[in-house]
2 protein chains.
Amino acid sequence: MSDCAQCVVRNRAICSGLSPDELLALGQKGRKQTVKRGQTLVWEGDDSLVVANVITGVLKLSVSTADGREQIVGIVFPSDFIGRPFGKESPYSVTALSDAEVCVFHRSTFDQFAREHPELQHKLLQRTLIELDDARQWMMLLGKKTAEERIATLLLRISERLSSDGCTGPTLNLDEFELPMDRQQMADILGLTIETVSRQLTRIKSSGVIELPDRRRVVIHDRQALLDLAEAA
Amino acid sequence: MSDCAQCVVRNRAICSGLSPDELLALGQKGRKQTVKRGQTLVWEGDDSLVVANVITGVLKLSVSTADGREQIVGIVFPSDFIGRPFGKESPYSVTALSDAEVCVFHRSTFDQFAREHPELQHKLLQRTLIELDDARQWMMLLGKKTAEERIATLLLRISERLSSDGCTGPTLNLDEFELPMDRQQMADILGLTIETVSRQLTRIKSSGVIELPDRRRVVIHDRQALLDLAEAA
DNA sequence: TCGCTTTCTTGACCTAGGTCAATGATGCCG
DNA sequence: CGGCATCATTGACCTAGGTCAAGAAAGCGA
């Protein structure tokens, strides 16, 4: 890794609390890697050899049953952290949903560095706690919400997440965005089938709350209505 | 708190890495509290004022929708940690499923102590990472598993968790245990209704894989068969 | 621009699990 | 004990969402 000081996610990634020389030390241990859409960086059950920061792109975390059912258990955006520090096996696969750039570390190297730098470990803890809160919110969605509520919730979450990325670029319009995934992947996140996702999207579209100019693009016309559809906590 | 050195969970709780004098310092900041079955220690959305270690008993973490649907997003056993350090609001309620004893700290006091003791923070991080892995396994269950698979998975998980508690007592029989929750709570964990839970339990019982001597008691006759029913990752 | 492939939508039908309503157990307190 | 309240089971029925099967619409390489 050459220059962390120029990194587009330097203010939001876990590196952000480090002093300039710590940053340099950590930076020397990492390397930038590009990942093509569809490429899997880590396989479920494999030894967890790497961790990484996401610089650009979107990736999914997924687990599968023996008979091939897949559940997406997390979506990872720029500035997010990937991988399972302090653990031998990765409990999920990490796969790119779009072309992506990540900043990769050997897990053992990173683990050691983290243990020697409490500030980094604290950042990691904070982030993990937030991820846990998110995962639990998602458990509520998967356990108790209707298909329509799930779709509405997902659209809102993605729109929030994508717009909050814009700290280096111009402020993005919260109400118009590109889905970083196809219908099947939406289904795998929401615990639904692709047909149900499609049907609910057309339903919400017909009601005028959203518009779908093309497969990936979403325009939210009435955010309050969408919030009402998403209901709940 | 008087005597951490005698604490029954001292070897497994997050305190376990601390030196004797650190333990003493932390111990002086905490206090033992009993919680009655059904009593709520922390409310969803409230300011998160306390964190705690569970000494005895079982508690649930739950989130609710505006219209009263409840999802249990975590079950907490002795030696587990409760609460949301480094965060203002608790994203879930914490309620006792049985009478329980917990060792409570003011959140801000605990936060500060943790920041000053990297070893404690590391333990907390490790534990949070495991909880996150568990939550994600549960997302798979909620998103993709059938009612029968869910029930089988829950029974196995509880039996593992209860038997691993026995580090101070005699080794408990893994295959016979008391459910720390009623049918409604099982339903709320599994994203099912009470009727479905009941039906699936009788189905599995009829097949001879388990026995249900009374409301709470479970005997696993054929663990492998139960594993097969639980299937998946 | 033309095929070819992949993705998405839509329709017809089915089923796992939800809902509603009794009925049966099991406490528990007097 | 005996009467009530809680909890669990069971049955009959219903429905949200799954399954299966066509199409329709994009993307894309030549």
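A note on names: the letters A, B, ... follow the listed sequences, proteins ahead of strands, and every chain is numbered from 1.
- Per the geometry, CD belonging to B/Gln200 stands 16 Å off P belonging to D/dA8, to the nearest Å.
- B/Arg199 is linked by a side chain to side chain donor-acceptor pair (under 3.5 Å) to nothing, counting only residues two or more places apart in sequence or in another chain.
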Contacts table for residues 95-105 of chain B: side-chain donor-acceptor under 3.5 angstrom, sequence neighbours left out:
from, atom 1, to, atom 2, distance (Å)
B/Thr95, OG1, B/Thr40, OG1, 2.9
B/Ser98, OG, B/Val58, N, 3.1
B/Asp99, OD1, B/Arg37, N, 2.7
B/Glu101, OE1, B/Thr56, OG1, 3.2

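- Under the 4.0 Å criterion applied to side-chain N and carboxylate O atoms, A/Glu176 and A/Arg217 are assigned as salt-bridge partners.
- Overall, the helix from C/dT1-D/dA30 to C/dG30-D/dC1 carries an axis bend of 50° between its ends, with five pairs at each end and the value rounded to 10°.
- By the 6.0 Å contact criterion, NE2 on A/His106 is open, its count of non-hydrogen atoms from other residues, nucleotides or ligands being 12 or less.
- Residues passing the side chain to side chain donor-acceptor pair (under 3.5 Å) test with A/Ser207: none are found, sequence neighbours excluded.
- Residues from residues 201-212 of chain B that place a heavy atom under 4.0 Å from any atom of DNA chain C: there are none.
- B/Arg215 and B/Asp182 are not joined by a salt bridge, as no carboxylate oxygen comes within less than 4.0 angstrom of a charged side-chain nitrogen.
- Considering only residues two or more places apart in sequence or on other chains, B/Gln39 meets the side chain to side chain donor-acceptor pair (under 3.5 Å) condition with none of them.
- Judged as a ring-ring contact (aromatic ring centres under 6.0 Å, His included), and not counting sequence neighbours, A/Tyr92 has no contacts.
- Salt bridge status for A/Glu211 with A/Lys205: absent, with no side-chain N to carboxylate O gap under 4.0 Å.
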For nucleotides 20-22 of chain D, which of its nitrogen or oxygen atoms have a protein nitrogen or oxygen under 3.5 Å away, and what is each distance?
from, atom 1, to, atom 2, distance (Å)
D/dC20, N4, A/Glu195, OE2, 3.1

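- D/dA24 atom P lies 19 Å from atom CZ of A/Arg183, rounded to whole Å.
- Comparing A/Gly191 and A/Pro213 by the nucleotide of DNA chain D whose heavy atom lies nearest to each, the residue mapping closer to the 5' end is A/Gly191.
- Among the heavy atoms of the strands lying under 4.0 Å from A/Arg215 is at least one base atom, whether or not backbone atoms are also near.
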Please report the C-alpha distance between B/Glu131 and B/Arg136 in whole Å, then the side-chain angles of each, then the deciding distance to 0.1 Å, and finally whether the salt bridge (charged side-chain N to carboxylate O under 4.0 Å, His left out) criterion is met.
-> CA-CA 9 Å; B/Glu131 275 188 84; B/Arg136 286 179 165 151; over 6 Å; no

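- Scanning DNA chain C 5' to 3' for nucleotides with an atom closer than 4.0 angstrom to a non-hydrogen atom of chain B gives a first and last hit of C/dG17 to C/dT26.
- Residues satisfying the side chain to side chain donor-acceptor pair (under 3.5 Å) test with B/Gln126, not counting sequence neighbours, are B/His122.
- Partners of A/Asp47 by side-chain contact (heavy atoms from CB on, under 4.5 Å), not counting sequence neighbours, listed by chain and number: A/Leu49, A/Glu89.
- Scored by the side-chain contact (heavy atoms from CB on, under 4.5 Å) test, A/Arg223 finds A/Leu156, A/Ser159, A/Leu174, A/Asp175, A/Ile220, A/Leu227 as partners (sequence neighbours excluded).
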